[in-house]
Protein chains: 2
Amino acid sequence: MRISTKGRYALRVMIDLASFGNGNFIALKDISQRQNIPIKYLEQIVSTLNKAGYLNSMRGSNGGYRLAMSPEEYNVGTVLRTVEGTLTPVECVAYENGVTCPRSDSCNSINFWKGLDEVVNKYIDSYTLKDLIQQ
Amino acid sequence: MRISTKGRYALRVMIDLASFGNGNFIALKDISQRQNIPIKYLEQIVSTLNKAGYLNSMRGSNGGYRLAMSPEEYNVGTVLRTVEGTLTPVECVAYENGVTCPRSDSCNSINFWKGLDEVVNKYIDSYTLKDLIQQ
DNA sequence: ACAATTACTACCATTTTAGTAGGAAATGAG
DNA sequence: CTCATTTCCTACTAAAATGGTAGTAATTGT
């Protein structure tokens with residue numbers, strides 16, 4: 001039931017960009033130093049966030065990343081789901097379009113798990129990046 | 001953010017005992033067959049539940065396990081936490097008696113994570129074993 | 001005595017996590 | 001135009017966690 005470093009680091013990157021960015025491009029080198037996260041690992045995480053459209057990037061000297069939107073427009077849940085892949089507590093909750101678990105007919109717990117998935121997502125979706133910065 | 005097989009299997013064992021037990025001792029062999037879970041793996045999980053006092057056991061022929069209480073007295077959250085170890089989304093939330101994360105002074109997210117921990121535990125604690133059986 | 005069952009402990013293959021590593025492509029500065 | 005700096009892309013890897021297997025001792029009813 002743990003959030004991996006990818007999820008935690010992703011939030012820290014977003015918080016860092018929101019706090020120190022001010023609309024300018026920030027190099028990963030700087031974020032890496034401030035947040036004490038290996039730059040090569042950061043690259044991978046930021047790449048995912050970038051492809052998802054949450055960041056703007058620029059190469060070359062003076063390059064870096066910046067937020068694509070303002071902090072209150074980022075939903076923490078969206079960011080976490082993007083880098084973590086999925087947050088469903090059990091696999092069957094993630095099943096789609098008609099696929100069902102082989103045990104589904106005798107399963108007593110599916111509604112319990114779906115409910116857990118719901119409260120988790122509802123909670124993390126109730127936070128924006130701005131909320132985190134203001135802590 | 002996944003619940004491991006230990007947690008899922010533990011719930012299925014408890015549900016099985018509640019459904020087929022009727023106060024009698026049920027051998028793991030039977031539960032293993034009904035639930036299609038390897039008996040040797042079940043032994044480990046059930047051992048944890050037994051040591052926690054949730055089950056009564058008897059050795060020898062006609063031996064097995066039975067619930068130590070009635071289904072409505074079991075809290076699903078308690079069972080899950082017992083077999084899964086901890087359910088905290090990030091390590092620092094589990095810290096106790098004064099131990100703090102080295103980043104705690106610059107951390108914006110601790111309250112967010114604590115809140116997540118709370119909604120998860122509150123939800124799973126709102127279910128009893130009886131609730132699951134009645135699904 | 002013996003078959004059936006729990007109790008205990010060690011081991012192990014696979015998957016996931018948390019990185020490392022190397023180089024290509026782009027970009028601004030000089 | 002060249003060079004330092006930075007993102008972009010892909011492959012690799014050590015360590016930990018997961019999901020079991022395996023063997024054997026102890027207990028109990030028949």
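A note on names: the letters A, B, ... follow the listed sequences, proteins ahead of strands, and every chain is numbered from 1.
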Asks: What salt bridge (Lys or Arg N to Asp or Glu O under 4.0 Å) pairs are there with at least one residue in residues 91-119 of chain B, not counting sequence neighbours?
Replies: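 Qualifying pairs, neighbours excluded: none.
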Asks: How about A/Asp125 and A/Arg81: do any of their side-chain heavy atoms sit closer than 4.5 Å?
Replies: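 SC-SC contact between A/Asp125 and A/Arg81 confirmed.
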Asks: Using atom CG of B/Asn36 as one end and atom P of D/dG19 as the other, report the distance to the nearest whole Å.
Replies: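 Going from CG in B/Asn36 over to P in D/dG19 covers 16 Å.
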Asks: So, taking the atom named CG in A/Asn121 and the one named OG1 in A/Thr78, what distance separates them when rounded to the nearest 0.5 Å?
Replies: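 So the CG of A/Asn121 and the OG1 of A/Thr78 are separated by 9.5 Å.
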Asks: With sequence neighbours excluded, give me every salt bridge (Lys or Arg N to Asp or Glu O under 4.0 Å) pair touching residues 14-25 of chain B.
Replies: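 Residue pairs with at least one partner in residues 14-25 of chain B: B/Asp16-B/Arg34.
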Asks: Please round to the nearest 0.5 Å and tell me the distance separating atom CZ of A/Phe20 and atom CD of A/Gln35.
Replies: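 Atom-to-atom, A/Phe20:CZ and A/Gln35:CD are 7.5 Å apart.
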Asks: Taking the side chain as everything from C-beta on, heavy atoms only, tell me whether B/Arg2 gets closer than 4.5 Å to A/Leu87.
Replies: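 B/Arg2 vs A/Leu87: side chains apart.
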Asks: Taking atom C1' of D/dG20 as reference, at what distance in whole Å does atom CD1 of B/Ile39 sit?
Replies: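 Interatomic distance, CD1 of B/Ile39 to C1' of D/dG20: 14 Å.
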Asks: Among residues 50-64 of chain B, which contact DNA chain C at a heavy-atom distance under 4.0 Å?
Replies: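 Residues of residues 50-64 of chain B under 4.0 Å from DNA chain C: B/Asn50, B/Lys51, B/Ser57, B/Met58, B/Arg59, B/Gly60, B/Ser61, B/Gly63, B/Gly64.
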Asks: For nucleotides 13-17 of chain D, tabulate all protein N/O to nucleotide N/O atom pairs closer than 3.5 Å, reporting atom names and distance.
Replies:
none

Asks: Do the rings of B/Tyr54 and B/Tyr74 sit parallel, tilted or perpendicular, given the 30° and 60° boundaries?
Replies: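 Answer is perpendicular, since the angle exceeds 60°.
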Asks: When only distance counts, do a donor and an acceptor, one from the side chain of B/Lys40 and one from the base of D/dG23, lie under 3.5 Å apart?
Replies: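 Indeed, a donor on one side and an acceptor on the other fall under 3.5 Å apart.
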Asks: To the nearest 0.5 angstrom, please state how far the OG atom of A/Ser109 sits from the CD atom of B/Gln135.
Replies: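 One gets 8.0 Å once the value is rounded to the nearest 0.5 Å.
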Asks: Counting heavy atoms from C-beta on, name the nucleotide in D/dG23, C/dG22, C/dG19 closest to the side chain of A/Gln44.
Replies: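 My answer, after comparing the listed nucleotides, is C/dG19.
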Asks: Could you state the atom-to-atom distance from CG of B/Leu42 to C1' of C/dC8 in whole Å?
Replies: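 Atom-to-atom, B/Leu42 to C/dC8, this comes out as 16 Å.
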Asks: With a 4.0 Å heavy-atom cut-off, tell me which residues in residues 2-20 of chain A come close to DNA chain C, sorted by residue number.
Replies: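 Close to the strand are A/Ser4, A/Thr5, A/Tyr9.
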Asks: Grab the CD1-P distance between A/Ile45 and C/dT17 for me, whole Å please.
Replies: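 That distance rounds to 13 Å.
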Asks: Expressed in angstrom and rounded to an integer, what is the separation of B/Lys29 atom NZ from C/dA3 atom C1'?
Replies: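 It is 10 Å, rounded to the nearest whole Å.
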Asks: Which one, D/dT7, C/dT9, C/dA7, comes nearest to the side chain of A/Tyr65?
Replies: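 For A/Tyr65, the side-chain atoms sit closest to D/dT7.
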Asks: Whole angstrom is fine here: how far is it from CD in A/Glu43 over to C1' in D/dT10?
Replies: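 So the CD-C1' distance, A/Glu43 to D/dT10, works out to 11 Å.
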Asks: Separation of A/Glu84 atom CD from C/dT17 atom C1', in whole Å?
Replies: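 Answer to the nearest Å: 11 Å.
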Asks: Round to the nearest Å and state the distance from B/Ile37 atom CD1 to D/dT18 atom P.
Replies: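 Going from CD1 in B/Ile37 over to P in D/dT18 covers 17 Å.
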Asks: Could you tabulate the donor-acceptor pairs under 3.5 Å formed by side-chain atoms of residues 39-51 of chain B, not counting sequence neighbours?
Replies:
residue : atom : partner : partner atom : Å
B/Tyr41 : OH   : B/Thr5  : OG1          : 3.1
B/Thr48 : OG1  : B/Gln44 : O            : 3.2

Asks: Please examine the side chains of A/Val76 and B/Phe112, heavy atoms only from C-beta on, and report whether any two atoms are closer than 4.5 Å.
Replies: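 They are in contact (side-chain heavy atoms under 4.5 Å apart), so the answer is yes.
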Asks: Taking side chain as C-beta onward, heavy atoms only, is B/Leu116 less than 4.5 Å from B/Met1?
Replies: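 Answer yes - side chains close enough.
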